[in-house]
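Notes follow once the structure below has been shown.
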There are 2 protein chains.
Amino acid sequence: MDSSELKRAGLKATLPRLKILEFLENSKVRHMSAEDVYKALLESGEEVGLATVYRVLTQFEAAGLVVRHHFEGGQSVFEMEHGEHHDHILCVRCGKVDEFVDETIEERQKKIAKEKGYSMTDHSLYIYGVCGECQKEE
Amino acid sequence: MDSSELKRAGLKATLPRLKILEFLENSKVRHMSAEDVYKALLESGEEVGLATVYRVLTQFEAAGLVVRHHFEGGQSVFEMEHGEHHDHILCVRCGKVDEFVDETIEERQKKIAKEKGYSMTDHSLYIYGVCGECQKEE
DNA sequence: AAGCAAATGAGAAGAGTTCTCATTCTTATT
DNA sequence: AATAAGAATGAGAACTCTTCTCATTTGCTT
Ligand SMILES: [Mn+2]
Ligand SMILES: [Mn+2]
Ligand SMILES: [Zn+2]
Ligand SMILES: [Zn+2]
């Protein structure tokens, strides 16, 4: 296990943190709720408390290792930070998540913030729709 | 009290619904949580149950009288529907909410949905920042 | 005015998340 | 390698926001 990433983030290399980080890095699914992470770890035989999963994900977020999203549906969704900021388009039927980057939108947002007198700190953009697959069914 | 708006929406003109609708229409604050509405009604001496406020706001939403937003912070926020779709920019310090419309962004979103093969149903865009007022303090 | 379906409201319940605190683990120091 | 001190963990309680349940009340039609 590679504890250097945790150390670099200023976090002690504890077993739960290592397990969660490893899981996030190796998972084929990019966007996961705390519960998702918790269950997946349980199923692979790892003993980690749910409270710890929540705590650690929040710490990872603060450390910039992970990004939190608020998709519709109430629960926070996390994904490994991988450099480039991006936004999301989600299927309201099957839950599929796609990512995109649009410089025009990014620029426009900055412009709007400036016009309104705000110093922009963040933004969130979600497009909802029915994905190609789900359109076929029916 | 004007019950025609409710009738038109296919809703019985009950007292709680009339009170809530009247309050939303006359409130100077445009964006309010269910709790906000509930408390405001209590303070003005109106007896309405919290469960009813939640229920009625959801019905108003389904009827298109009201729009629901998911601002950061967990609770749903409602506002009277007034024709034009718009997005929001919010102050992370004082909670101020401003509205804007940007056709370029709207178009881009449609384009992205099409490119990704989605039939777009909805979208949500929030810009977060520090408003002019709050920038002065400090 | 009567009858009936629909709506209400109080409180229980549910979902997601955070908190509490006794126990365990990590890391620095011998 | 053993020790000490502080940090992290995990079980469950607690919390927030929202929905559900169901006995009672209300609105609307006749
Ligand atoms: Mn993503
Ligand atoms: Mn608005
Ligand atoms: Zn789909
Ligand atoms: Zn402000």
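Proteins come first, then strands; the chains are lettered A, B, ... in the order of their sequence lines, and each starts at number 1.
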(message) Contact list please: residues 30-41 of chain A against DNA chain C, heavy atoms, distance less than 4.0 Å, in numerical order.
(response) none
(request) Would you please name every residue forming a side-chain contact (heavy atoms from CB on, under 4.5 Å) with B:E35, sequence neighbours left out? (result) B:S33, B:Y38, B:K39, B:L50
(request) Return the set of residues passing side-chain contact (heavy atoms from CB on, under 4.5 Å) with B:A62 (not counting sequence neighbours), or none when no residue passes. (result) none
(request) Would you mind listing every salt bridge (charged side-chain N to carboxylate O under 4.0 Å, His left out) that reaches into residues 51-61 of chain B, with sequence neighbours excluded? (result) B:E61-B:R68
(message) For A:H69 and A:Q75, which I'm curious about, is there any donor-acceptor pair between the side chains at under 3.5 Å?
(response) no
Produce the list of close N/O pairs, under 3.5 Å, pairing protein atoms with atoms of nucleotides 2-7 of chain D; give distances to one decimal.
residue	atom	partner	partner atom	Å
D:dA7	O4'	A:K12	NZ	3.1

(request) With sequence neighbours excluded, tell me which residues meet side-chain contact (heavy atoms from CB on, under 4.5 Å) with A:I112. (result) A:K116, B:F100, B:D102, B:I105, B:I127
(request) State which residues pass side-chain contact (heavy atoms from CB on, under 4.5 Å) with A:K114; sequence neighbours excluded, sorted by chain then number. (result) none
(request) Answer yes or no: does a side-chain N or O of B:Y54 lie under 4.0 Å from OP1 or OP2 of D:dT19? (result) no
(request) Tell me who clusters with B:V130, hydrophobic residues only, linked when side chains sit under 4.5 Å apart either directly or through other members. (result) B:F71, B:V77, B:L90, B:V92, B:V97, B:Y126, B:Y128
(request) Please report, rounded to the nearest Å, how far the P atom of D:dC28 is from the CG atom of B:L11. (result) 11 Å
(message) Using the rule side-chain contact (heavy atoms from CB on, under 4.5 Å), only one of B:V37, B:V29, B:L65 pairs with B:L24; which is it?
(response) B:V37
(request) Taking heavy atoms of chain A and a 4.0 Å limit, find me the 5'-most and 3'-most nucleotide of DNA chain C within that range. (result) C:dG16 to C:dT27
(request) Indicate, with a heavy-atom threshold strictly under 4.0 Å, whether A:T52 touches base, sugar-phosphate, or nothing. (result) base
(request) Could I get the full list of ring pair (Phe, Tyr, Trp, His ring centres under 6.0 Å) partners for B:F23, not counting sequence neighbours? (result) none
(message) Return whichever of B:T58 or A:V53 has its heavy-atom-nearest nucleotide of DNA chain D closer to the 5' end.
(response) A:V53
(request) Quick one: which residue pairs count as a salt bridge (charged side-chain N to carboxylate O under 4.0 Å, His left out) with a foot in residues 85-99 of chain B, not counting sequence neighbours? (result) B:R30-B:E99, B:K96-B:D98
(message) Can you list everything that forms a ring pair (Phe, Tyr, Trp, His ring centres under 6.0 Å) with A:H70? Sequence neighbours excluded, please.
(response) none
(request) Could you state the atom-to-atom distance from CG of B:L6 to C1' of D:dC28 in whole Å? (result) 14 Å
(request) Nearest whole angstrom, please: distance from the P of D:dT19 to the CD of B:Q59. (result) 11 Å
